[in-house]
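Convention: sequence-line order gives letters A, B, ...; per-chain numbering from 1. Below, each value reflects all heavy atoms present in this structure, side chains not excepted, and no hydrogens, waters or symmetry copies. Predicted, not measured: the structure shown is a model, and the values here were computed from it.
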2 protein chains.
Amino acid sequence: MTAPSRIERLCIDRGMKMTGQRRTIARVLSESEDHPNVDDVYKRASKIDSKISIATVYRTVRLLEESNILDKHDFGDGSARYEEATDSHHDHLIDIQSGEVIEFHNEEIEALQRKITEQYGMTLVGHRLELFGVQKDKKK
Amino acid sequence: MTAPSRIERLCIDRGMKMTGQRRTIARVLSESEDHPNVDDVYKRASKIDSKISIATVYRTVRLLEESNILDKHDFGDGSARYEEATDSHHDHLIDIQSGEVIEFHNEEIEALQRKITEQYGMTLVGHRLELFGVQKDKKK
DNA sequence: GTAGATGCAAAACCTTTGCTGTGAT
DNA sequence: ATCACAGCAAAGGTTTTGCATCTAC
């Protein structure tokens, strides 16, 4: 029996029933360093447990997202992408030629977003920022 | 025969074949002040021409988007939302309680986005920024 | 033992497409 | 007369769900 993954530990903390499938999915997500979609997670999990069902993956990532263990993103291809939520917020810069996703954080932009929202008499509760770019040298 | 809508004029300028359906859809979009999805456009167009097909609406908005006459957005509900493209770029602030969408433009944020992209050796070619907020008085 | 999770297949969405007939230029 | 367009229905991709079975607690 393997040591519990970081996400598995979070699930236990939240009192979720830890089935074998959830443990597998938790491990896959904990070990992922990219932004997989459900099908990616399903494929990676299937290598560990070939009998896992994609419906379970869908149900589990939804649960994890609702528990704020995962962040859900939409990078413009048809499917939702997931990553482990971290305390440090970041946004994404997507290389539209290679598909590579760079994470960045910029406090100036964060502050401006709050300021703009306040100007309309509102309080910022969330945002979505994605930058799409091309490599400078490849451009010419 | 009604006067051509702003979008119809743009279509004619680009040499598009102007069918009755396209004229109807162009008119609906020109008169919309919100960010309708395809189904909204279809419903509004159906009031003018009840025989219009939703496939035609899909094909037409895609065409208009590719011609830069429409901007396409994703506000996180499952469907794409459209609005007439304007020369002045803007982003969106969404009231998550009422669903109201406020348009804003902030050159400081735009400049920061370009700066960040440059820092990674890239050139910004597009972005997506949505702020989600709640009314201040409603919050407490 | 029981509430909740899984697997499977069906269905729900949104969107695209093949085909045939129609209409704009 | 062309050639592109419209309508319809079927199919595509992603995600959800009903139901019977199973499993963690």
Side-chain angles (χ1 to χ4, degrees), chain A residues 1-2 4 7-29 35-43 45-46 48-67 69-70 72-82, chain B residues 1 4 7-29 35-46 48-67 69-70 72-82:
Chain A
M1 170 166 177
T2 336
I7 289 178
E8 180 181 349
R9 210 179 298 278
L10 290 169
C11 292
I12 294 166
D13 291 351
R14 279 157 228 235
M16 290 172 56
K17 190 188 275 193
M18 287 316 292
T19 62
Q21 292 89 331
R22 284 195 183 162
R23 230 186 305 277
T24 301
I25 293 166
R27 189 176 132 199
V28 163
L29 287 165
H35 303 76
N37 62 22
V38 166
D39 200 57
D40 296 327
V41 176
Y42 172 60
K43 285 196 189 104
S46 297
I48 303 170
D49 171 4
S50 62
K51 301 183 296 307
I52 215 159
S53 140
I54 198 165
T56 299
V57 180
Y58 271 105
R59 283 191 268 237
T60 305
V61 294
R62 183 162 41 148
L63 211 62
L64 293 174
E65 196 219 334
E66 286 166 356
S67 308
I69 294 173
L70 289 185
K72 181 180 186 175
H73 302 289
D74 167 24
F75 292 160
D77 62 337
S79 61
R81 314 276 224 95
Y82 294 89
Chain B
M1 171 165 181
I7 289 179
E8 180 181 349
R9 210 178 299 276
L10 291 169
C11 291
I12 294 166
D13 291 350
R14 283 155 167 84
M16 290 171 55
K17 190 187 273 191
M18 288 315 292
T19 62
Q21 292 89 330
R22 284 193 182 162
R23 230 186 305 275
T24 300
I25 294 166
R27 187 176 135 199
V28 163
L29 287 165
H35 303 76
N37 63 23
V38 166
D39 200 56
D40 295 328
V41 176
Y42 172 60
K43 286 198 189 103
R44 294 174 199 177
S46 298
I48 303 172
D49 171 5
S50 63
K51 301 182 295 308
I52 216 159
S53 139
I54 198 166
T56 299
V57 180
Y58 271 104
R59 283 191 267 237
T60 305
V61 294
R62 181 160 43 145
L63 211 63
L64 293 174
E65 197 218 335
E66 286 166 356
S67 308
I69 293 173
L70 289 185
K72 180 181 186 174
H73 301 290
D74 167 24
F75 292 161
D77 63 335
S79 62
R81 314 275 223 97
Y82 295 88

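Atom CG of B:D74 is separated from atom P of C:dC14 by 13 Å (rounded to the nearest Å). Between the NZ atom of B:K51 and the P atom of D:dC8 there is a distance of 10 Å, rounded to whole Å. Atom CG of B:D40 and atom P of C:dC14 are 11 Å apart (whole Å). At whole-Å resolution of the value, OH in B:Y82 and P in C:dT15 are 6 Å apart. Regarding B:I12, its CD1 atom lies at a distance of 13 Å from the P atom of C:dA24, rounded to whole Å. Atom CD1 of A:I25 and atom C1' of C:dA5 are 11 Å apart (whole Å). As a whole-Å value, the separation of A:D77 CG from D:dG13 C1' is 12 Å. In this structure, B:M16 atom CE and D:dA4 atom P are separated by 14 Å, rounded to whole Å.
Relative to the side chain of B:R22, the nucleotides D:dA6, D:dA9, C:dT6 differ in distance, and D:dA6 lies closest. Taking every side-chain heavy atom of B:R59 into account, D:dC8 is the closest of D:dC8, C:dT15, D:dG18. In this structure, of D:dT16, C:dT6, D:dG7, it is D:dT16 that holds the atom nearest to the side chain of A:R62. In this structure, the nucleotide among D:dA6, C:dT16, D:dT23 sitting nearest to the side chain of A:K17 is D:dT23.
Put simply, A:S53 has no side-chain N or O that comes within less than 4.0 Å of OP1 or OP2 on C:dT6. Neither OP1 nor OP2 of C:dT16 sits under 4.0 Å from any side-chain N or O of B:Y58. The side chain of B:T19 places no N or O atom within less than 4.0 Å of a non-bridging phosphate oxygen (OP1 or OP2) of C:dA24.
Considering A:T24, A:T60, A:V28, A:I52 in turn, A:V28 is the only one that fulfils the side-chain contact (heavy atoms from CB on, under 4.5 Å) rule with A:V41.
Looking at A:R14, its side chain does come within 3.5 Å of a backbone N or O of A:S67 through a donor-acceptor pair. At distances below 3.5 Å, not a single donor-acceptor pair connects side-chain atoms of B:R23 with backbone N or O atoms of B:P4.
Here the side chains of A:I54 and A:S46 are not in contact, with every heavy-atom distance at 4.5 Å or above.
A:I54 comes within 4.0 angstrom of nothing in the nucleic acid, heavy atoms only.
Place B:S79 and A:Q21 on DNA chain C by their nearest nucleotides, and A:Q21 ends up nearer the 5' end.
Note on B:D39 versus B:K43: salt bridge recorded, some NZ/NE/NH1/NH2 to OD/OE distance being below 4.0 Å.
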